[in-house]
Structures are given as C-alpha cells and as structure tokens.
Amino acid sequence: MSIARICSRAACHQPAVSTLTYVYADSTCVLGPLATYAEPHCYDLCADHADRLTAPNGWEVIRLAPDPAAAGPSSDDLEALANAVREAARPLPPPGPGAGTPGAPVEVARRRHLRMLQDPGANTSEG
C-alpha cells in the first residue's frame, strides 16, 4: 500500500502531480512528472501550483511534459499480472507416471515457480 504524496506548498493538501528540482549551478528550475520516490531536496507540487510556478529573476524554468504512455500500467504489465495470478491459483498437478517409482523425486512443497523436492533415497527418520 502506498501513501499518496501531497503538495509541498504550505497549507496545500492537494495530491502532488509534479516534482520540482532546483539546479543551482545552472540557475534552473526543472519541473517534471512526479518522481518515483520523495527526495529530500525536491518539492512535490499539485497541478495548480505546478501551473503557476515562476522562477526567481535570472532563472530559467524547464518544464518536462509527462509521458502519457508511462502514466499507467501498460497492457504488458496487466497481462503479466494476470498470468502470475493464474499460475498461483492453478492447483498442483497430480503425481504423474513414475512418481511412485523408487528413485523418483517427490514434490513436497511449491512456492510460485520454485519447487521443493524430497530426495527419494534420503532417510526421513532419525533413529
């Protein structure tokens, strides 16, 4: 569960949509899409404050337009998620031929794509 970030401006409680970064060496303000992580020297701004942003005298503002394709999950992401859910919900297959034969490994547990196999020659009782 992620917590929605809010605008960094005082008394503003709107959700943040852009991140503002100052590049002091170049006297530049860079306003871009909301950063993946909140950084200590960056400021998250709501849509209103991002639109009304002005720079100090002698400074330049660079506005990076958000990539609309990166705004949400792609169809590949959704398909991969659906496939993972299907795989996790699939019951274990019944033991196949050779499962009961001596020397064949026996599946004792499964977690996602990993399987734990018991060595058929191992002695399970310590005596």
**Student:** Between atom OH of Tyr24 and atom NE2 of His41, what is the distance when rounded to the nearest 0.5 Å?
**Tutor:**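 Answer rounded to 0.5 Å: 9.0 Å.
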**Student:** Could you state whether Leu64 and Val23 fall into the same hydrophobic cluster, counting links through intermediate Ile, Leu, Val, Met, Phe, Trp or Tyr residues with side-chain heavy atoms under 4.5 angstrom apart?
**Tutor:**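 Same hydrophobic cluster.
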**Student:** Among Cys29, Ser27, Cys42, which one satisfies side chain to side chain contact (heavy atoms under 4.5 Å, CB included) with Tyr22?
**Tutor:**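 Answer to the side chain to side chain contact (heavy atoms under 4.5 Å, CB included) test with Tyr22 among Cys29, Ser27, Cys42: Cys29.
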**Student:** Could you state the interatomic distance from OG1 (Thr21) to CD (Glu39), rounded to the nearest 0.5 Å?
**Tutor:**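 Taking OG1 in Thr21 and CD in Glu39, the distance rounds to 8.5 Å.
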**Student:** What distance do Asp48 atom CG and Gln14 atom CD have between them, rounded to the nearest 0.5 Å?
**Tutor:**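 Answer for the CG-CD pair, Asp48 versus Gln14, is 7.0 Å.
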**Student:** To the closest 0.5 Å, what do you measure between CH2 (Trp59) and OG1 (Thr28)?
**Tutor:**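 It is 7.5 Å, given to the nearest 0.5 Å.
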**Student:** Using 0.5 Å steps for rounding, measure from the CG atom of Leu53 to the CZ atom of Arg63.
**Tutor:**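 With rounding to 0.5 Å, CG (Leu53) is 5.0 Å from CZ (Arg63).
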**Student:** Which value, rounded to the nearest 0.5 Å, describes the distance between Leu31 atom CG and Ile62 atom CD1?
**Tutor:**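 The CG atom of Leu31 sits 10.5 Å away from the CD1 atom of Ile62.
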**Student:** Determine whether Leu34 and Ser18 make a side-chain contact, defined as any pair of heavy atoms from C-beta on separated by less than 4.5 Å.
**Tutor:**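 Side chain of Leu34 against side chain of Ser18, heavy atoms only: no contact under 4.5 Å found.
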**Student:** Quick check: closest heavy atoms across Asp44 and Ala38, and the distance to 0.1 Å?
**Tutor:**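 The answer is OD2-CB, 4.4 Å.
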**Student:** Do you know the tightest heavy-atom contact between Cys46 and Cys7?
**Tutor:**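 Answer, listing the atom of Cys46 first, then Cys7: N-SG, 3.4 Å.
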**Student:** Do other residues, nucleotides or ligands put more than 12 heavy atoms under 6.0 Å from the CZ atom of Arg9?
**Tutor:**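 Result for CZ/Arg9: open.
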